[in-house]
Amino acid sequence: MVKARIVEKYFWVWAKVIIPTAKKAGHKIAYIDLFAGPGRYKDGSKSTPIKVLETAIADPDMQNMLKTLFNDANSEHTNSLQEAIDAIPGINNLKYKPQVISYEVGENIVNTFSQLNLVPTLFFVDPWGYKGLSLKLINSVVKNWGCDCIFFFNYNRINMGLGNTAVEEHINALFEKTRADKLREQLKALKAEERELTIVEAICEALQELGGKYVLPFRFKYENGKRTSHHLIFVSKHFKGYEIMKEIMAKESSEQNQGVPSFEYNPATVIQPLLFEFYRPLDELEQMLLNEFANKTITMQEIYMQHNVGRSYISKNYKTALINLEAQGKITADRPADKRPKRKGEITFADSVKVTFPPKP
């Protein structure tokens, strides 16, 4: 499953980045799954909690530093998960025994997380629908250093819920009431595709306003490729987490356009500016760089850091664009192409290379 693979990959890299700093501070690190499900899926494959624990068992630092908490309101799921955990080879090598609990996710858990000064924690929130998923919950778990959240956004159920007064309370908790009311009004005049873009845009904006500075959505379609099944949304207050997740999602994308990953995002329009930026191809990147960095001298790394947030481009796209612009004589580099090393016969563009852009014509 792509969803599980994205979470597993991010957990590994996130832990490796966090551990050296956490060690100096005498901290532990943690992984918390609030809707953990059973230990195995119906097809017999391992669930994300099992894979995370197996990853930790295989790494000496994680063995000694990782605390895990797995929650599910369904006691059948927690019983099944506990059995699967107990059966993992080497599970007793973990310093901290995994905790498996069964609580309904709601205000009590939000209040608990809000009051805690959390150790660096990766949260995975994967509800079947939307009950328990709220902006307050996400904000409560990403407020401390090193804390990131990946959550499952069930677009179809949320789309239906926006027009259903019976679940109004849950939808208001997800978007907050003022935004939810505004969204309900907006959606009345929109077609199906525009509805999806508007709803995902709304949740991304809401998360950013609460301080989740870096928000990255990844869309999953049904097998026929015509309709969206759900989105996986990543939230972090730190650029490094955003950068890591972007590279992971890029590699898991089913398509690339001129080397720019699709992220399976919605084909967006200018009506939704945040999402629209994810669909601009590489040839447009070159013109954007000429416009935005006109009359400046700046390194490749600085260009990437200043420009990539909220756009689908990854580091190698910027390097390709700069190599193209240099070949066209539109920019100059302090280390020209013929003075830079080649890799597999191709020109490289190191992060430290300084680029001078011409003034706007």
Side-chain angles (χ1 to χ4, degrees), residues 1-41 44-72 78 80-101 113 116-126 141-142 144-152 214 216 218 232 234-252 315:
M1 292 176 66
V2 174
K3 178 178 71 173
R5 197 157 60 235
I6 288 173
V7 176
E8 291 153 29
K9 284 183 177 180
Y10 186 76
F11 168 73
W12 170 261
V13 184
W14 167 84
K16 285 298 184 181
V17 169
I18 292 289
I19 281 172
T21 305
K23 266 186 180 178
K24 290 175 188 173
H27 286 322
K28 308 169 187 72
I29 63 170
Y31 177 87
I32 296 178
D33 188 335
L34 295 177
F35 299 84
R40 290 185 179 271
Y41 298 112
S45 60
K46 299 170 185 174
S47 65
T48 306
I50 304 304
K51 291 190 175 182
V52 164
L53 291 171
E54 288 178 340
T55 298
I57 290 165
D59 182 271
D61 285 330
M62 290 187 214
Q63 269 192 31
N64 291 317
M65 294 179 70
L66 180 68
K67 298 195 80 172
T68 51
L69 175 66
F70 303 108
N71 175 70
D72 200 289
T78 52
S80 168
L81 177 59
Q82 186 66 66
E83 287 177 13
I85 288 172
D86 292 341
I88 299 173
I91 191 66
N92 293 325
N93 293 338
L94 294 177
K95 182 176 179 180
Y96 301 103
K97 184 179 179 181
Q99 282 186 275
V100 180
I101 59 175
F113 286 139
L116 290 174
N117 186 21
L118 299 164
V119 301
T121 304
L122 178 61
F123 288 85
F124 184 40
V125 184
D126 187 2
V141 299
V142 298
N144 297 120
W145 177 81
C147 293
D148 294 337
C149 180
I150 304 168
F151 71 94
F152 182 90
Y214 302 101
L216 196 58
F218 190 97
L232 200 64
F234 170 77
V235 190
S236 180
K237 290 191 173 184
H238 307 280
F239 176 77
K240 186 64 178 176
Y242 178 84
E243 182 180 36
I244 292 166
M245 182 56 94
K246 201 174 196 184
E247 292 286 342
I248 290 168
M249 286 183 171
K251 287 176 183 172
E252 293 295 338
S315 178

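Computed from a predicted structure; not experimentally measured.
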Starting from the C-alpha separation in whole Å, work towards a yes-or-no answer on side-chain contact (heavy atoms from CB on, under 4.5 Å) for W12 and I248.
CA-CA 11 Å; W12 170 261; I248 290 168; over 6 Å; no

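- Residues A84 and G39 come closest through the heavy atom pair CB-CA, 3.7 Å.
- Proximity of F11 to T48: side-chain heavy atoms (C-beta onward) are nowhere separated by under 4.5 Å.
- Looking only at side-chain heavy atoms (C-beta outward), K240 and I244 come within less than 4.5 Å of each other.
- Once rounded to the nearest 0.5 Å, the distance linking CE of M62 with CG of L53 reads 11.5 Å.
- Remark: E8 does not engage R5 in a salt bridge, criterion side-chain N to carboxylate O under 4.0 Å.
- Crowding of K3 atom NZ: a count of heavy atoms from other residues, nucleotides or ligands under 6.0 Å exceeding 12.
- A heavy-atom distance below 4.5 Å is not found between the side chains of K67 and V119.
- Remark: the backbone N or O of H238 is paired with a side-chain donor or acceptor of S236 at under 3.5 angstrom.
- With a 4.5 Å cut-off on side-chain heavy atoms, I29 and I19 count as touching.
- Heavy-atom minimum distance, W14 versus A30: CH2-O, 3.4 Å.
- Here the closest heavy-atom approach between residue M245 and residue I150 is recorded as CE-CD1, 3.6 Å.
- Residues V125 and C149 come closest through the heavy atom pair CG2-SG, 4.0 Å.
- Classified by interplanar angle (parallel below 30°, tilted 30° to 60°, perpendicular above 60°), the ring pair F239/Y214 is perpendicular.
- Counting heavy atoms from C-beta on, the side chains of I50 and R40 never come closer than 4.5 Å.
- For the atom pair L118 CG and I32 CD1, the distance stands at 6.5 Å (nearest 0.5 Å).
- Between N64 and K95, the closest heavy-atom pair is O-CD, 3.4 Å.
- What you find for P49 and A36 is that their closest heavy atoms are CG-O, 4.0 Å.
- Note that CD1 of I85 is 6.5 Å distant from OG1 of T68, once rounded to the nearest 0.5 Å.
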Between E54 and K51, is a salt bridge (charged side-chain N to carboxylate O under 4.0 Å, His left out) present by the stated rule, with each step listed?
CA-CA 5 Å; E54 288 178 340; K51 291 190 175 182; over 6 Å; no

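- Taking the side chain as every heavy atom from C-beta outward, Y96 and L66 never approach each other to under 4.5 Å.
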Start with the C-alpha gap between Y10 and F234, add the side-chain angles, then the distance that decides, and say whether ring pair (Phe, Tyr, Trp, His ring centres under 6.0 Å) holds.
CA-CA 10 Å; Y10 186 76; F234 170 77; 5.0 Å; yes

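- With D148 as reference, L122 is the one residue of L122, V142, T121 to meet the side-chain contact (heavy atoms from CB on, under 4.5 Å) rule.
- For the pair I6 and L232, the minimum side-chain heavy-atom distance is below 4.5 Å.
- With values rounded to the nearest 0.5 angstrom, F35 atom CZ is found 8.0 Å from D72 atom CG.
- Taken from CG in L94 to NZ in K97, the straight-line distance is 11.5 Å, to the nearest 0.5 Å.
- Atom-to-atom distance recorded for E252:CD and E247:CD is 12.5 Å, nearest 0.5 angstrom.
- Residues V52 and F124 have side chains not in contact (no heavy-atom distance under 4.5 Å, counting atoms from C-beta outward).
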